[in-house]
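Comments concern the structure below.
Numbers restart at 1 for each chain; the letters A, B, ... are given by sequence-line order, proteins then strands.
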Amino acid sequence: MSDKTKLVLIDGNSITYRAFFALPPLSNSKGQYTNAAYGFTTMLLRLLQDEQPTHLVVAFDKGKATIRQEIYADYKGTREKTPSELREQFPIVREILNSFDIPYVELEGHEADDLIGTITKQAEAAGYDSLVVTGDKDLLQLVSDRVTTMLTRKGLSETEKYTAGEINERYGLTPLQIIDLKGLMGDTSDNIPGIPGVGEKTALKLLAQFPSVEEVLQHADEAPGKKLQEKLREHAESALLSKRLATINRDVPIDVNLEALRFESYDAGKVRDMFKSLEFKSLLDRLPEGGTESEAVADAPTHQQIETLMINVGELPEIIDSLPQAVGLHLDLEGNYQLGEMHGLAIATGESAWYLPLDGALPEQVVALMQNADKMKVFYDVKAVCTALKTRGIALDHNAFCTLLGSYLLAPSDGAPDLFDVIDRQIGWKIDPLPKGTPKKKVEVSLQDRARVAGAIAAANVLLKEQVEQALLEANLMPLYRDLELPLSFVLADMEHSGVRIDTDELKEIGENLRGRIEHLQAEIHELAGVEFNLNSPKQLGEILFDKLGLPASKKTKTGYSTSADVLEKLAPHAPIVQKILDFRHLGKLLSTYVEGLLNAARKQGDMFRVHTQFNQALTATGRLSSTEPNLQNIPIRTEEGRRLRHVFVPTDASWKILAADYSQIELRVLAHISADESMIDAFVHDEDIHTRTATQVFEVSPAEVDSNMRRAAKAVNFGIVYGISDFGLSQNLNIPRKQAAQFIESYFAKFPGVKRYMEDVVEQARKDESVSTLLGRKRHLPDIKASNFNIRSFAERTAMNTPIQGTAADIIKKAMVNIQGVIKRQNLRARMLLQVHDELIFECPPEEIEALTELVRREMEQVIELSVPLKADINVGDTWYEAK
DNA sequence: GGCAGTTCGCCC
DNA sequence: GACGTGCGAACTGCCA
């Protein structure tokens with residue numbers, strides 16, 4: 001029925017509030033925060049489209065002296081003050097509504113809830129159908145035959161509509177009983193007390209028995225459990241008060257003419273002007289054409305407006321000449337950037353794009369562009385491009401901008417930014433990615449599609465650069481980006497391109513040996529178990545050990561028994577099968593992950609095999625690198641058996657050497673510096689064994705009295721400090737009770753008061769800024785530091801303590817890498833940097849360079865930055881990585 | 001057969 | 001009630 005009336009009522013406060021916390025704190029070029037207004041607007045546009053309302057109104061809270069506060073002074077008493085970044089957006093939301101000609105209501109001393117309740121009551125009487133849009137479950141109480149409530153779920157993007165039937169299905173309650181629910185359980189966010197200890201589950205159980213708060217209280221004696229009965233009696237008043245607070249007032253003295261809420265259409269031109277001034281670029285293409293747009297507002301085009309022109313090599317020089325100094329580029333690669341096929345190159349300004357198909361070989365005009373130092377070449381991933389070009393014998397000029405690296409430094413906790421996400425988030429272009437093929441099934445992609453996507457990415461890069469650059473400047477991150485991370489990209493590209501030589505014959509031999517022993521172990525285990533089963537299946541293993549053999553199960557996982565090593569180690573003395581399983585696991589890990597993994601990754605180059613890892617420079621929350629395909633940052637060292645694998649990492653030439661340089665205790669030295677703890681600084685200045693020193697302090701003994709257990713415990717505590725683990729984590733590591741672990745930490749802090757003070761200060765600072773920084777200014781956002789959930793907040797607090805330590809150590813070694821590579825190049829050494837493993841660097845060099853390399857690496861690593869304690873690098877040389885220890 | 005989720009274990 | 005990080009192998013259950 002198209003003539004039916006449909007009134008949509010939006011809870012303006014609730015939706016704006018939710019939008020604010022759901023979206024990152026974006027601001028536009030005028031410095032206005034707009035994330036909440038933006039989120040509200042996306043919701044509004046969606047409602048207009050999906051619901052086709054005939055009538056529309058938005059309600060806002062107004063004033064402080066609400067009726068509820070008269071009843072209960074502490075109402076909303078615990079709520080944090082609305083942040084100014086949010087407060088300043090309410091006027092923007094009202095302006096946006098004005099541009100749509102959508103009416104809004106507010107009344108001094110009343111909340112939006114009550115206004116919505118009152119209007120829906122009148123609408124019901126007039127025979128309108130209403131839809132209430134909110135993030136607040138309280139409004140479910142308004143639901144009736146004529147009123148539906150739409151609730152937002154996590155963020156704003158998902159919503160759920162509730163009719164009376166759905167409320168019954170979800171809660172087993174009538175809409176009005178939602179009030180009773182809240183009366184019993186209360187609401188921490190509004191500081192409505194309810195009955196302490198009664199949550200949703202208990203409240204629902206009670207209401208299933210008796211229909212209302214009053215009845216529940218009358219029959220308190222019949223409630224399950226003595227404690228609950230007592231609480232019901234004790235807090236009866238509170239429950240009744242809470243019910244009153246939760247009841248929406250549907251008779252607010254407000255004069256609403258329903259017909260004035262009629263909404264037919266809006267002037268798209270007016271709205272477009274509004275969006276442009278707020279810089280809601282991505283929302284522009286959701287508006288219809290036409291309207292009375294003012295011409296004064298200039299704007300970047302949307303990606304649909306960018307047509308990518310197919311060109312040939314001959315046209316390239318002329319286009320390049322016409323380009324501005326910063327050129328958006330995208331190298332269209334398929335698959336792994338080291339090996340993958342190069343399909344083409346897209347070149348763009350923010351307004352136009354061109355696509356040059358390539359078939360393997362790079363024409364000289366492209367090479368010229370890549371080596372043109374006068375143009376700033378803007379890529380999404382400079383390291384990938386640089387490496388891809390290196391494999392084709394071309395050196396990318398270093399006058400480049402990396403939008404990936406910049407985006408990462410702005411928000412490192414998000415993990416590796418996805419190209420299409422970044423573009424959508426920052427510019428609002430929704431580019432359909434190309435379909436992904438699999439090794440099995442290749443998908444044919446037309447050249448036109450390739451051009452469309454590559455062209456859009458190249459053009460997006462130009463706009464992204466502007467935004468990222470600006471944001472880096474504002475966040476004081478430009479020096480970190482320009483002087484450290486971007487130069488490091490080129491060093492990493494060198495390393496990835498070099499690769500490391502692998503002795504595959506040796507590796508295969510190790511593999512054969514392991515395979516034989518694994519098969520033998522497997523046969524023995526099956527024999528002992530009396531049945532053949534899949535030893536690699538934790539599920540089957542658990543059934544054998546704990547059901548069939550009846551061993552005591554100590555730990556459970558989500559899906560069944562835990563069979564992890566720490567569980568099995570405790571069982572080993574009781575049954576011989578267990579040690580064999582542990583051995584099987586250990587050897588199996590070495591075989592599948594390392595022997596087979598490395599063999600799969602090794603590529604034949606001339607007469608030798610090499611592995612070329614990829615370092616991810618834009619992924620970790622702390623600023624460390626990570627390594628993939630293969631991961632060369634987790635090659636075994638702890639057990640001799642595993643450590644042997646390092647024999648297969650050999651120099652390019654048999655006469656060359658491997659040189660390994662590792663920072664000694666870099667994290668603890670960083671901690672000593674930033675905490676300025678006297679005792680700790682003293683230990684490092686005198687180059688003492690820090691774990692022994694910690695043991696003497698914590699256990700109050702002389703250095704000679706420190707036994708191996710004390711040192712081990714002290715080491716675990718230091719380890720815990722560096723990695724930000726909890727008392728729980730420490731107790732797991734040391735296999736001691738949580739209480740004892742907490743005591744260790746306490747006595748540690750008593751002996752290192754400077755460290756304690758630092759930990760307290762950094763958490764306080766994190767609460768203030770919602771972020772922490774490293775010595776070189778790397779930032780990590782920590783919104784969870786204000787979480788109400790204890791676990792989430794505690795985690796954020798440990799992160800606040802740990803990130804400056806781990807992140808500063810990452811800064812330091814990165815800087816050393818850039819400096820070392822600079823010296824190697826300037827001195828024309830043949831030595832090559834091969835790997836970085838968080839606190840160590842691996843090189844190879846001809847024998848005659850050993851001395852020079854040792855000297856320069858030590859100097860650059862130790863002198864890279866001046867701290868209040870010395871930095872120390874241990875350097876070892878050998879014929880293989882194993883021997884360089 | 002592909003995908004996501006889980007468990008396990010390696011490194012710093 | 002589950003808590004430093006990241007990568008990857010293998011299994012499992014689910015989908016087509």
Check your understanding: Is the NZ or CZ atom of A/Lys556 positioned over A/Tyr561's six-membered ring, under 6.0 angstrom from the centre and within 45° of the axis?
Key -> yes

Review point. Among A/Glu629, A/His497, A/Arg603, which residue meets the side chain to side chain donor-acceptor pair (under 3.5 Å) test with A/Gln338?
Key: A/Arg603

Exercise for review: Using the heavy-atom set of chain A and a strict 4.0 Å cut-off, write down the first and last nucleotide of DNA chain C that makes it in, 5' to 3'.
Suggested key: C/dG1 to C/dG13

Check your understanding: When all nucleic acid strands are considered with a 4.0 Å heavy-atom cut-off, which category describes A/Ser562: base, sugar-phosphate, or nothing?
Key -> sugar-phosphate

Check your understanding: Using a cut-off of 4.0 Å on non-hydrogen atoms, how would the nucleic acid contact of A/Asn802 be classed: base, sugar-phosphate, or nothing?
Key -> nothing

Exercise for review: Check the pair A/Arg669 / A/Met680 against side-chain contact (heavy atoms from CB on, under 4.5 Å), numbers first and verdict last.
Suggested key: CA-CA 8 Å; A/Arg669 286 171 197 261; A/Met680 202 174 230; over 6 Å; no

Practice item. Under 4.0 Å between any heavy atoms, over every strand shown, what does A/Asn616 touch: base, sugar-phosphate, or nothing? Just pick one. Key: nothing

Exercise for review: Kindly indicate whether the side chain of A/Glu509, heavy atoms from C-beta on, has any atom under 4.5 Å from the side chain of A/Asn513.
Suggested key: no

Review point. Taking the inter-plane angle between the rings of A/Trp881 and A/Phe649 on a 0 to 90° scale, is it parallel (under 30°), tilted (30 to 60°) or perpendicular (over 60°)?
Key: perpendicular

Exercise for review: Classify the nucleic acid contact of A/Thr622 as base, sugar-phosphate or nothing, counting any heavy atom under 4.0 Å across all strands shown.
Suggested key: nothing

Review point. Just checking A/Phe728: base, sugar-phosphate only, or nothing, at a heavy-atom cut-off of under 4.0 Å?
Key: base

Check your understanding: Less than 4.0 Å between a side-chain N and a carboxylate O, is that true for A/Glu844 and A/Arg501?
Key -> no

Practice item. Going by the side chain to side chain donor-acceptor pair (under 3.5 Å) test, name the single residue among A/Lys539, A/Gln540, A/Arg585, A/Lys555 that passes it with A/Thr563. Key: A/Arg585

Heteroatom pairs (N/O) under 3.5 angstrom, protein to nucleotides 9-12 of chain B:
residue: B/dG9; atom: OP1; partner: A/Arg585; partner atom: NH1; Å: 2.8
residue: B/dG9; atom: OP2; partner: A/Ala565; partner atom: N; Å: 2.8
residue: B/dG9; atom: N2; partner: A/Lys589; partner atom: NZ; Å: 3.4
residue: B/dG9; atom: N3; partner: A/Lys589; partner atom: NZ; Å: 3.0
residue: B/dC10; atom: O2; partner: A/Asn634; partner atom: ND2; Å: 3.1
residue: B/dC11; atom: OP1; partner: A/Ile637; partner atom: N; Å: 2.5
residue: B/dC11; atom: OP1; partner: A/Arg638; partner atom: N; Å: 2.8
residue: B/dC11; atom: OP2; partner: A/Arg638; partner atom: NH1; Å: 3.1
residue: B/dC12; atom: O3'; partner: A/Asp839; partner atom: OD1; Å: 3.0
residue: B/dC12; atom: O3'; partner: A/Asp839; partner atom: OD2; Å: 3.2
residue: B/dC12; atom: N1; partner: A/Tyr723; partner atom: OH; Å: 3.4
residue: B/dC12; atom: O2; partner: A/Arg624; partner atom: NH1; Å: 2.9
residue: B/dC12; atom: O2; partner: A/Tyr723; partner atom: OH; Å: 3.3

Practice item. Please state the P separation for the pair C/dC3 and B/dT7 - nearest whole angstrom. Key: 11 Å

Review point. Taking a pair as Watson-Crick or G-U wobble with both distances under 3.5 Å, which nucleotide is matched to B/dC12?
Key: C/dG4

Check your understanding: Contact class for A/Ile792 (heavy atom, under 4.0 Å): base, sugar-phosphate, or nothing?
Key -> nothing

Practice item. In whole angstrom, give me the gap between the P atoms of B/dT6 and C/dA2. Key: 13 Å

Check your understanding: Using a cut-off of 4.0 Å on non-hydrogen atoms, how would the nucleic acid contact of A/Ser726 be classed: base, sugar-phosphate, or nothing?
Key -> base

**Study point:** Gap separating the OH atom of A/Tyr723 from the CZ atom of A/Arg798, nearest 0.5 angstrom
**Key:** 15.5 Å

